[in-house]
S.K.: 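Just dropping this structure here.
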Protein chains: 2
Amino acid sequence: MSHPTIFDVARRAGVSKSLVSMVMRGATNVSDERRARVIAAAEELGYRPNAAAQSLVRQKSFVMGVIVSDLHNTFFADVIDGIDNAVRSVGYRALLVSGHLNADRETEALETLLRLRADAVILAGPAVDIDDVVAAAASVPLVVAGAVSSHAAIPSVTTDDLRGAALAVDHLVELGHKKISHIDGGDALSSRLRRQGYEAAMRRHGLEPRVVSGSFTRDGGIHGAQTLLAGDDEPTAIFAANDLAAMGVLSVLHDSGADVPGELSVVGYDNTAVAQSSPIPLTTIDQPRTELGEVAARLALERINDGTDVQSVVLEPTLVIRDTTVTPTHSRQ
Amino acid sequence: MSHPTIFDVARRAGVSKSLVSMVMRGATNVSDERRARVIAAAEELGYRPNAAAQSLVRQKSFVMGVIVSDLHNTFFADVIDGIDNAVRSVGYRALLVSGHLNADRETEALETLLRLRADAVILAGPAVDIDDVVAAAASVPLVVAGAVSSHAAIPSVTTDDLRGAALAVDHLVELGHKKISHIDGGDALSSRLRRQGYEAAMRRHGLEPRVVSGSFTRDGGIHGAQTLLAGDDEPTAIFAANDLAAMGVLSVLHDSGADVPGELSVVGYDNTAVAQSSPIPLTTIDQPRTELGEVAARLALERINDGTDVQSVVLEPTLVIRDTTVTPTHSRQ
DNA sequence: ACTTTCCCCTGGAACGTTCCAGGGGAGATA
DNA sequence: TATCTCCCCTGGAACGTTCCAGGGGAAAGT
């Protein structure tokens with residue numbers, strides 16, 4: 001049950017602990033014969049270096065701590081893939097702690113990672129008040145991924161929500177739509193940006209924006225769609241705050257017998273799994289999630305290595321055209 | 001940037017390192033005055049105990065390692081919630097490593113956790129060949145969650161797929177369906193069990209089972225549904241291997257203009273987010289995911305504490321009735 | 001034959017904790 | 001006054017590594 005140490009290996013191989021250490025770290029100035037003996041002994045005993053002891057003496061853990069605000073959101077799965085890739089290639093390991101969408105739990109997660117002496121910490125979509133985190137940032141490089149950091153000392157990597165909303169509007173306008181309504185996502189920062197992007201793009205096209213309030217949930221989409229259908233000036237296209245809300249819109253349209261996309265086009269945001277697996281695959285805005293993680297990891301690694309401050313990064317979203325958007329039918333136009 | 005140690009705190013508080021250690025661990029036999037001084041000093045310096053050093057000397061890390069086979073699958077998000085809850089309440093921390101649905105990466109993840117000297121490891125839905133893991137099980141308690149372990153030395157926690165399939169069939173039969181087809185999920189163990197459960201339940205009701213091959217993906221559902229619709233004996237209900245496949249079925253039915261659930265009822269499996277957020281919310285079989293994690297964590301903790309071997313556990317699935325299943329229309333019956 | 005060089009190896013100190021044996025001093029007891 | 005308790009505190013050893021200074025011996029140079 002208990003773990004063999006470097007001494008156990010040394011004894012079995014008939015060499016000193018130092019020689020075992022050298023072999024394990026791949027030093028070159030070791031005779032082939034001794035090296036083979038050490039490797040054999042280590043194998044036989046099932047020896048594994050104790051990372052805690054290594055971390056202590058090396059003053060470095062080669063651990064990239066990652067706090068995942070919400071594991072239920074597959075958005076972060078891709079971000080983590082990106083982090084993991086970037087980090088593995090330079091000999092680091094990504095260790096994840098779940099934040100459970102809860103500020104206290106995130107603070108706790110950060111504490112755990114700091115005690116473990118992670119060399120840097122990436123906050124993936126933090127819900128925690130960033131000010132609580134700033135103090136910690138004094139002892140470890142910190143990077144925020146997928147949310148804007150409100151604090152200058154903490155760099156963040158995000159995508160451009162203003163631009164994403166413009167992409168959606170441009171696409172619909174190009175198809176010939178003029179009456180394009182937006183169901184917004186509430187008070188969250190990214191919701192505000194998407195709304196502003198929508199409004200600006202509409203005006204740029206000489207169209208009148210029309211926003212109804214909603215949320216980042218299926219129900220938000222349902223309410224928004226109901227409001228829009230009840231009005232006397234039905235739109236020909238709806239741009240929802242995210243995919244979940246778009247699914248709500250689709251369900252209202254399905255129940256009311258409206259034909260999608262024949263009568264009404266729908267665009268979501270985020271390109272989540274539901275957008276793909278929906279009965280009618282959803283046109284949506286994609287964020288480069290994996291890249292988001294990769295860039296965040298790179299920033300963090302840079303800060304570990306030279307300690308210099310790094311800039312925040314904003315990445316470009318893209319449009320993914322699927323089956324919920326077409327040219328509006330003439331009768332409705 | 002660098003972290004203060006127990007000595008820094010001791011110097012600032014004017015006491016010995018041992019006293020600081022005692023205060024940090026909440027020992028009672030310390031005078032109030034000294035305790036206050038130590039706490040103040042620790043606070044001022046931003047002192048955080050070094051978990052690596054603690055782990056070394058205590059010969060215990062209070063880390064529960066978790067290998068998550070697939071972060072993109074929200075199934076595991078709930079499992080992890082369960083693990084985290086169970087583990088936190090006894091002073092442990094769950095540290096996650098992503099397996100990226102890849103046997104090599106999982107082996108690597110296990111290696112990482114073993115080097116960190118996690119006190120136990122939970123494999124959540126492992127894709128790795130369990131035999132590769134058995135050797136590791138000699139040095140650390142191991143528990144498999146959400147998949148059946150083929151090895152006696154490694155206990156597992158799963159839900160009863162045979163029973164889940166029976167639940168689906170019973171529900172449809174109760175509604176009056178007789179022609180119930182199953183689109184299976186391929187070769188995976190759980191797919192086989194669901195198919196067997198379906199077949200057994202059908203025979204129990206005196207009905208003839210009809211299985212078409214598919215997979216655990218949207219495409220699998222699409223192909224299966226196309227096969228069924230092309231045949232001359234259309235079913236009145238389809239039981240898909242999982243929710244994703246069911247979404248594929250729904251999309252084929254949507255395209256062909258078939259009314260769901262009026263003409264055809266559909267049942268999925270897993271109760272994933274798509275089941276809820278689908279335009280027509282999906283009737284499906286739910287696995288007690290959180291409980292799965294909790295039980296796995298409890299088994300692991302038991303093995304840490306008394307080292308005795310523990311039994312595998314099988315939990316009960318439940319039926320979640322939503323909008324894709326109704327009594328078949330007379331004309332079709 | 002003596003020194004130098006080089007290769008391969010070794011022991012000791014250090015990393016930041018915990019825990020244990022023991023010590024100083026105040027108050028109680030004789 | 002001398003002894004005993006008890007409370008609070010301290011220093012040292014240990015945990016499993018890495019890294020450094022240095023050592024032994026063979027080969028090479030003088």
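Naming: A, B, ... by sequence-line order, numbering from 1 per chain.
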S.K.: Rounded to 10°, tell me the angle between the two end axes of the helix from C/dA1-D/dT30 to C/dA30-D/dT1, each built from five pairs.
M.R.: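 Helix axis angle between the two ends: 60°.
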
S.K.: Going by side chain to side chain contact (heavy atoms under 4.5 Å, CB included), name the residues that satisfy it together with A/Asp306, two or more places apart in sequence or in a different chain.
M.R.: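 With sequence neighbours excluded, A/Asp306 shows a side chain to side chain contact (heavy atoms under 4.5 Å, CB included) to A/Thr308, given in chain and number order.
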
S.K.: Does B/Arg35 have any side-chain hydrogen bond (donor to acceptor under 3.5 Å, both in side chains) partners at least two apart in sequence or in another chain, and if so, which?
M.R.: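 Here no residue qualifies.
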
S.K.: Using a 6.0 Å cut-off, check whether atom CG of B/Asp187 has over 12 heavy atoms from anything other than its own residue.
M.R.: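 Open: at most 12 neighbouring heavy atoms sit under 6.0 Å from CG of B/Asp187.
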
S.K.: Who passes side chain to side chain contact (heavy atoms under 4.5 Å, CB included) against A/Val38, sequence neighbours left out?
M.R.: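 For A/Val38 the side chain to side chain contact (heavy atoms under 4.5 Å, CB included) partners, ignoring immediate neighbours, are A/Val9, A/Ala13, A/Val15, A/Leu19, A/Val20, A/Val23.
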
S.K.: Closer than 4.0 angstrom, basic N to acidic O: yes or no for A/Glu33 and A/Arg37?
M.R.: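 Looking at A/Arg37 together with A/Glu33, the answer is yes, because their closest N to O distance falls below 4.0 Å.
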
S.K.: Sequence neighbours excluded, which residues qualify as side chain to side chain contact (heavy atoms under 4.5 Å, CB included) partners of A/Asn73?
M.R.: A/Asp70, A/Phe75, A/Phe76

S.K.: Name all residues meeting the ring-ring contact (aromatic ring centres under 6.0 Å, His included) criterion together with A/Tyr47; count only those two or more places apart in sequence or in a different chain, and write none if there are none.
M.R.: none

S.K.: Can you list the residues that meet the side chain to side chain contact (heavy atoms under 4.5 Å, CB included) rule with B/Ser149, with sequence neighbours excluded?
M.R.: B/Val144, B/His151, B/Ile154, B/Ser156

S.K.: What are the two closest non-hydrogen atoms of B/Ser69 and B/Glu106, and how far apart are they?
M.R.: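 So the minimum-distance heavy-atom pair works out to CB-OE2, 3.3 Å.
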
S.K.: CD of A/Glu33 versus C1' of C/dC9: gap in Å, rounded?
M.R.: 13 Å

S.K.: Which pairs, with at least one residue in residues 44-61 of chain B and sequence neighbours excluded, count as a salt bridge (charged side-chain N to carboxylate O under 4.0 Å, His left out)?
M.R.: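 Checked against salt bridge (charged side-chain N to carboxylate O under 4.0 Å, His left out) - neighbours excluded - the pairs reaching residues 44-61 of chain B are A/Glu111-B/Arg48, B/Arg12-B/Glu44.
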
S.K.: Are side-chain N/O atoms of A/Ser61 and A/Asp119 paired as donor and acceptor at under 3.5 Å?
M.R.: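 Judged by distance alone, the side chains do pair up.
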
S.K.: For nucleotides 22-25 of chain D, list the nitrogen or oxygen atoms of the protein found under 3.5 Å from its nitrogen or oxygen atoms, one pair per line.
M.R.:
none

S.K.: Restricting both atoms to N or O, compile the protein contacts to nucleotides 13-18 of chain C shorter than 3.5 Å, with distance only.
M.R.:
residue : atom : partner : partner atom : Å
C/dT17  : OP1  : B/Tyr47 : OH           : 3.1
C/dT17  : OP1  : B/Asn50 : N            : 3.3
C/dT17  : OP2  : B/Ile6  : N            : 2.7
C/dT17  : O5'  : B/Tyr47 : OH           : 3.2
C/dT18  : OP1  : B/Gln54 : NE2          : 3.1
C/dT18  : OP2  : B/Ser21 : OG           : 2.3

S.K.: Which residues in residues 34-45 of chain A have at least one heavy atom lying under 4.0 Å from any atom of DNA chain C?
M.R.: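 Here the set is A/Arg34.
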
S.K.: What pairs with B/Phe62 under ring-ring contact (aromatic ring centres under 6.0 Å, His included), at least two apart in sequence or on another chain?
M.R.: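 ring-ring contact (aromatic ring centres under 6.0 Å, His included) list for B/Phe62, sorted by chain: B/Tyr92.
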
